[in-house]
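Quick notes on the structure that follows.
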Amino acid sequence: PASINGAVGIKPTVGLVSRSGIIPISHTQDTAGPMTRTVTDAAILLEVLAGVDNEDSVTQESRGKNTKYTKFLDKDGLKGKRIGVEKKKYTNQFLNELQEKALDVLKKQGATIIELHYLDSINALANDEFEVLKYEFKSGVNAYLSQTNAKVKNLAEVIKFNKENEDATMPTFKQELLEQSEAKKDLNDPVYLKSLKNSHKGSQQIIDGVIKKYNLDAITGLTMGPACSIDVIYGDKWGDVSLTAPAAMSGYPHISVPCGKVYDLPVGLSFLSGAYREGEIISLAYAFEQATKHRVKPEFKKS
């Protein structure tokens with residue numbers, strides 16, 4: 001959302017910010033995070049959001065971790081840093097040109113850019129990730145609804161309600177994903193445990209591995225392509241452009257900062273790194289932001 005709206009967004013390490021009250025999709029991926037106009041605003045807001053919540057056990061892992069993010073707002077934050085970027089190019093020439101311009105900025109600000117191959121390995125985990133999402137969605141939604149005053153108390157009752165009121169609840173899109181999730185067993189199912197190991201731990205191992213191998217401070221690349229029309233048959237138009245998947249699968253921190261426009265639509269540049277390294281990527285994003293000032297005020301286009 002931040003990337004395609006020309007804003008700054010931080011997806012924190014899962015465990016840094018409480019998920020209490022958030023309707024769950026995946027307990028290994030879900031997290032709240034700030035979306036703001038500037039990196040400064042995002043750092044300030046993340047300081048407020050971060051903290052341990054006894055109602056969300058995973059936040060116990062963040063106890064004692066750094067939560068003072070404004071101290072990382074350094075305009076020279078790119079100087080001397082080693083930043084990795086996927087060597088494989090996008091299919092769209094304008095996206096490639098935009099990324100090259102961004103990389104030139106990083107170099108001029110003192111960073112060393114290291115080309116590497118890692119996204120194919122991450123993308124190969126997509127089927128396992130999808131399995132994890134279906135299992136965790138069923139488990140999470142059932143637990144959530146059971147504690148609310150909603151008339152439906154679990155996913156099965158949601159599906160039943162939708163079928164009984166199909167014209168009102170599903171005039172266009174149906175509920176195949178809900179039904180696929182409901183068909184899954186509980187979180188002790190060996191299929192779930194294997195998929196979780198492959199996608200969650202596997203993506204962490206890939207990211208940690210390239211960071212260690214190349215002695216990187218972070219990984220960068222375009223966050224995703226510009227906004228596009230929904231296509232229920234072929235999917236998103238810019239399917240080969242995404243740095244959201246590695247951070248989501250691994251639960252690692254990710255920041256997107258305005259990078260420019262393609263087809264007169266905003267595109268963000270991402271920085272991601274290992275667990276609880278929010279401060280480091282905030283520093284990189286702030287330095288890039290200050291060197292480029294790419295953010296523009298939204299405007300209404302006359303037809």
Side-chain angles (χ1 to χ4, degrees), residues 1 10-33 49-63 65 122-166 169-170 173-207 232 235 242 244-254 272 275-276:
I10 299 177
K11 186 207 78 73
T13 306
V14 173
L16 185 68
V17 175
S18 170
R19 286 88 57 85
S20 292
I22 295 176
I23 298 175
I25 296 177
S26 162
H27 68 260
T28 55
Q29 294 193 16
D30 291 343
T31 182
L49 292 171
V52 174
D53 174 15
N54 291 331
E55 297 298 316
D56 186 356
S57 60
V58 73
T59 61
Q60 297 292 339
E61 298 174 7
S62 70
R63 189 180 296 278
K65 299 289 194 301
I122 292 283
N123 293 336
L125 305 176
N127 289 336
D128 284 304
E129 182 201 20
F130 188 40
E131 283 295 297
V132 168
L133 292 177
K134 288 183 285 188
Y135 276 92
E136 293 187 356
F137 177 68
K138 177 183 179 180
S139 174
V141 166
N142 285 350
Y144 178 85
L145 289 175
S146 69
Q147 300 299 315
T148 71
N149 59 3
K151 293 181 180 179
V152 288
K153 296 298 182 182
N154 53 52
L155 182 57
E157 292 181 7
V158 171
I159 293 171
K160 181 174 181 290
F161 177 87
N162 288 339
K163 286 181 177 178
E164 292 173 349
N165 301 273
E166 186 167 355
T169 63
M170 299 185 293
F173 297 101
K174 303 305 176 183
Q175 56 179 352
E176 295 92 342
L177 293 182
L178 301 188
E179 292 170 346
Q180 289 173 27
S181 297
E182 175 59 26
K184 298 302 179 185
K185 298 178 182 178
D186 63 26
L187 300 187
N188 293 312
D189 187 356
V191 175
Y192 165 73
L193 296 174
K194 180 180 179 181
S195 296
L196 180 65
K197 180 180 179 181
N198 289 345
S199 64
H200 185 55
K201 294 297 181 183
S203 59
Q204 290 180 341
Q205 290 171 356
I206 292 168
I207 294 171
V232 296
S242 175
T244 62
M249 275 193 243
S250 63
Y252 284 172
H254 172 201
L272 68 93
Y276 298 105

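Because only heavy atoms are used, hydrogens play no part in the values below, and waters and symmetry mates are left out as well, while side chains stay in.
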From [X] atom [atom1] to [Y] atom [atom2], the distance as rounded to the nearest 0.5 Å:
X: S181; Y: E136; atom1: OG; atom2: CD; value: 10.5 Å
X: N123; Y: I206; atom1: CG; atom2: CD1; value: 9.5 Å
X: F137; Y: S139; atom1: CZ; atom2: OG; value: 11.0 Å
X: M170; Y: E176; atom1: CE; atom2: CD; value: 8.5 Å
X: I25; Y: H27; atom1: CD1; atom2: NE2; value: 13.5 Å
X: E131; Y: K184; atom1: CD; atom2: NZ; value: 3.5 Å

Residue pair [X] / [Y]: nearest heavy atoms and the distance that separates them:
X: L125; Y: S203; value: CD1-N, 3.7 Å
X: P12; Y: G33; value: CD-CA, 3.9 Å
X: S20; Y: E55; value: OG-CB, 3.5 Å
X: L196; Y: T28; value: CD1-CG2, 3.9 Å
X: V132; Y: Y192; value: CG1-CE1, 4.1 Å
X: Q60; Y: V52; value: NE2-CG1, 3.5 Å

Count the heavy atoms belonging to other residues, nucleotides or ligands that lie under 6.0 Å from [atom1] of [X], then report whether that count exceeds 12.
X: I23; atom1: CD1; answer: no
X: K174; atom1: NZ; answer: yes
X: K194; atom1: NZ; answer: no

Can a donor-acceptor pair be found, under 3.5 Å and without considering hydrogens, that links the side chain of [X] to the backbone of [Y]?
X: S242; Y: T244; result: yes
X: K138; Y: E182; result: yes
X: T31; Y: V14; result: no
X: D56; Y: R19; result: yes
X: T59; Y: D53; result: yes
X: K163; Y: V158; result: no

*Please step through side-chain contact (heavy atoms from CB on, under 4.5 Å) for the pair M249 and D128, ending with a clear verdict.*
CA-CA 10 Å; M249 275 193 243; D128 284 304; over 6 Å; no
*Validation row: P246, Y252 side chains within 4.5 angstrom (heavy atoms)*: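 No; the side chains remain at least 4.5 Å from each other.
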*Is any side-chain heavy atom of S146 less than 4.5 Å from a side-chain heavy atom of K153?*
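The answer is no; the side chains never approach within 4.5 Å.
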*Kindly indicate whether a cation-pi arrangement holds for K134 with F130, taking the cut-offs as under 6.0 Å to the six-membered ring centre and within 45° of the axis.*
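Here K134 passes the 6.0 Å and 45° test against F130.
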_Polar side chain donor-acceptor pair, E129 to N198, under 3.5 angstrom_ =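 Side-chain D/A pair, E129 to N198: absent.
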